[in-house]
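Atoms considered below: every heavy atom in the structure, side chains included; atoms not considered: hydrogens, waters and symmetry mates. Proteins come first, then strands; the chains are lettered A, B, ... in the order of their sequence lines, and each starts at number 1. Keep in mind that this is a model prediction, so the values were computed, not measured.
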Number of protein chains: 2
Amino acid sequence: MSATIKDVAKMAGVAVSTVSYALNNSPKISEETRRKVVRAAEALNFRPSGAARNLKKRKSETIGLFLNDLGGPFYSQVIEGVQEIVASHDYNLIVCSTYGGENSSAHRFLREKFVDGAIIMGTAISDSLILQVASESFPIVVLDRELRGDYVHNVLITNEQGGYDAVAHLIKLGRRNIEFLSGPSAAFDNTQRYEGYKRALLEHDLPVPKRIAMHGRFLEAGGYQAVKLLLASKRLPDAIFAANDEMAIGAIRALHEAGLRVPEDIAIVGFDNINLAPLIRPALSTIGHSKFEVGAIATQLVFNARKEEDVIILPTQLIARQSCGFSGGVSEQDHDNLVASILHVGGRTKH
Amino acid sequence: MSATIKDVAKMAGVAVSTVSYALNNSPKISEETRRKVVRAAEALNFRPSGAARNLKKRKSETIGLFLNDLGGPFYSQVIEGVQEIVASHDYNLIVCSTYGGENSSAHRFLREKFVDGAIIMGTAISDSLILQVASESFPIVVLDRELRGDYVHNVLITNEQGGYDAVAHLIKLGRRNIEFLSGPSAAFDNTQRYEGYKRALLEHDLPVPKRIAMHGRFLEAGGYQAVKLLLASKRLPDAIFAANDEMAIGAIRALHEAGLRVPEDIAIVGFDNINLAPLIRPALSTIGHSKFEVGAIATQLVFNARKEEDVIILPTQLIARQSCGFSGGVSEQDHDNLVASILHVGGRTKH
DNA sequence: GTGAAAGCGCTAACAC
DNA sequence: GTGTTAGCGCTTTCAC
């Protein structure tokens, strides 16, 4: 058993409150007493119990970031944005996985008020749980769904417009037969990106395929398999718009294996501009958005904790690289500047 | 203020202990009482306080994974390994960053016994803090340093042998002038990999460069800059062994920009076999190891919590792809099988 | 099967 | 400045 504040008090020959004050740097403790206390605490290897302090103060000074998949390449920059703001408030950040349904750590932490606020990305936490636990002392920000409720805020990106821009660009480059490589149909992001795809086709008088031919579950392997299946059908499109970059990368792999050239035979545009996108060959054209800023703004909303919902929508930006054929959009060099400008939107949009 | 167990008891017309038993599914509560309690709890939107429960039970049933950099591409598989074992013990996992020195969340959580055990990767937590807080009720596993102490365990990989294998392979392919692209000199992994590099040169009667020409801080941008500097010096090697894959990828980028061909002009081998390695062009030759297994084994050690230190050393494996020139090592197709075999070492090695 | 009560290790109001 | 004390919201022992 490790030492408690009582042990320290006994050893230093003072009251527990004195120990508490001394160790929390209260100004009203004399230097001599403080030294005595510190010495005793060190001698006993005393470490205050966070659980006790949290119970007493009724807050943990930590906020939680809940993600579907801790390892995803997509999240890292979001995490950094969150981390930055959390640290600037002198708070702690814990990241944990929503994997495991009702018994996941995320569920427990949400229910048990382990954290003072939460940022949720991914669909594993139900709308109803979020609405139930959100409160003045427990604000929640959701990142990839639309959800209205007291003390629930949304940070979104212009998914529909991004999808539109991607497909309109392909059309401008002369592609006419553009397939949509879909993520999970239930995913909000996916649905919106698909709407943008449809709008671009319609506005250019192109037929919208009756049904989505390819489903890739937002995964590299999923994109690969979906394209393999498509290739077997022998009905080849001249371009593919993938609902995220990972699937686009899988698609490219499958096309290469089949001896098809990207972009000459089939052009590809992804979505998200993950770190990998410029590194693969051909470099992936995609729709970029500031993931860092999504995280940072979400975190600011947590600390603001207003009852009325805020809905922040951040812009997306076509980034044309090799995989779509002709670099008619933003050049890669310009991209850094664009990201910098995206970083300063901060507009608060109400629905 | 949200409802407490007392409120629930009052509303249900029972004692607090009854509420506690009922909600924790104690068998000695009658179905009727349980129903009453559950109804009251729901009506009040009661959520038990994790802090109070932890304080009372003197454990949190969560373990902490502390990383330098939450977003790194390297960590994701380690995290998955940890996650899997933690979940199988019905425990919670929190991941948090060691960034921020003394005031980082990681420091606080470690000191305040927020978690029941810790896995530490990265150098931001000092040896002395680890030794101080490790105890029977708080086992710690470190992943990338050697550290002996009660209730402190190590999971390592054969870094030195990996470095040797990488360089020996380059030599076998006819390269004679091999530079080392170094990570931070203080990093344990880096030092060991460098030792392997030296041994390979010495055993093949090749001169060891007097000083390390390139330092890339384990980052892509660092590798890029280091190679840019090297190129300026006009003394080109015919191969580079990078202490990790990210730097290797940066190196390739710099070489391409300079109009040099990889592997024809300069061959490259990295270390870690991150997800990206097979996807870039040329596909990166590297030293692979099972990151998932590192995480999984580390977590098992946390749950075992022996006083005597365990030192587990997992094997590495050369994975020859295009960037080193000739595919004389393990083919990519075979790699999955090898990884599978690596997954089942589990040998416990004592020093 | 249920209730009363002690206490986990702290903080902070209050007394001196 | 320092000590006394009352909880924070639970779990669990012990009576009944």
Original post:
Which whole-number value in Å describes the distance from B:Arg111 CZ to C:dG9 P?
Top reply: 19 Å
**OP:** Starting at atom CG of B:Asn54, determine the distance to atom P of D:dC10, rounded to an integer number of angstrom.
**Re:** 12 Å
**OP:** Respond yes when some side-chain nitrogen or oxygen of B:Ser30 is under 4.0 Å from OP1 or OP2 of C:dT2, and no when none is.
**Re:** yes
Original post:
Is the backbone N or O of B:Ser49 less than 3.5 Å from a side-chain atom of A:Arg111, with the two atoms forming a donor-acceptor pair by type?
Top reply: no
Subject >> Rounded distance (Å) that lies between atom P of C:dA12 and atom CD1 of A:Ile29 >> reply: 13 Å
**OP:** State which residues pass side chain to side chain contact (heavy atoms under 4.5 Å, CB included) with A:Glu136; sequence neighbours excluded, sorted by chain then number.
**Re:** A:Tyr151
Subject >> B:Arg34/B:Glu31 salt bridge by N-O under 4.0 Å criterion >> reply: yes
Subject >> CZ/B:Phe109: more than 12 non-hydrogen atoms of other groups inside 6.0 Å >> reply: yes
**OP:** Return the value, rounded to whole Å, for the distance between atom CZ of B:Arg58 and atom C1' of D:dG9.
**Re:** 16 Å
Original post:
In whole Å, what is the span from the CD atom of A:Glu31 to the P atom of D:dG1?
Top reply: 11 Å
Original post:
side chain to side chain contact (heavy atoms under 4.5 Å, CB included) with A:Val133: which of A:Ile125, A:Val152, A:Ile140?
Top reply: A:Ile140
Original post:
Just wondering, more than 12 heavy atoms not from A:Glu80 lying within 6.0 Å of its CD?
Top reply: yes
Subject >> Whole-Å distance separating the NZ atom of A:Lys10 from the P atom of D:dG3 >> reply: 15 Å
**OP:** Send over the distance from A:Leu23 CG to C:dT11 P, rounded to a whole Å.
**Re:** 8 Å
**OP:** Report, as a single string ordered 5' to 3', how protein heavy atoms within less than 4.0 Å touch nucleotides 11-16 of chain D: B base, S sugar-phosphate only, - not at all.
**Re:** BBB---
**OP:** Using whole Å, report how far CZ of A:Arg35 lies from P of D:dG1.
**Re:** 14 Å
Original post:
Base, sugar-phosphate, or nothing: which does B:Leu55 touch, judged by heavy atoms less than 4.0 Å apart?
Top reply: base
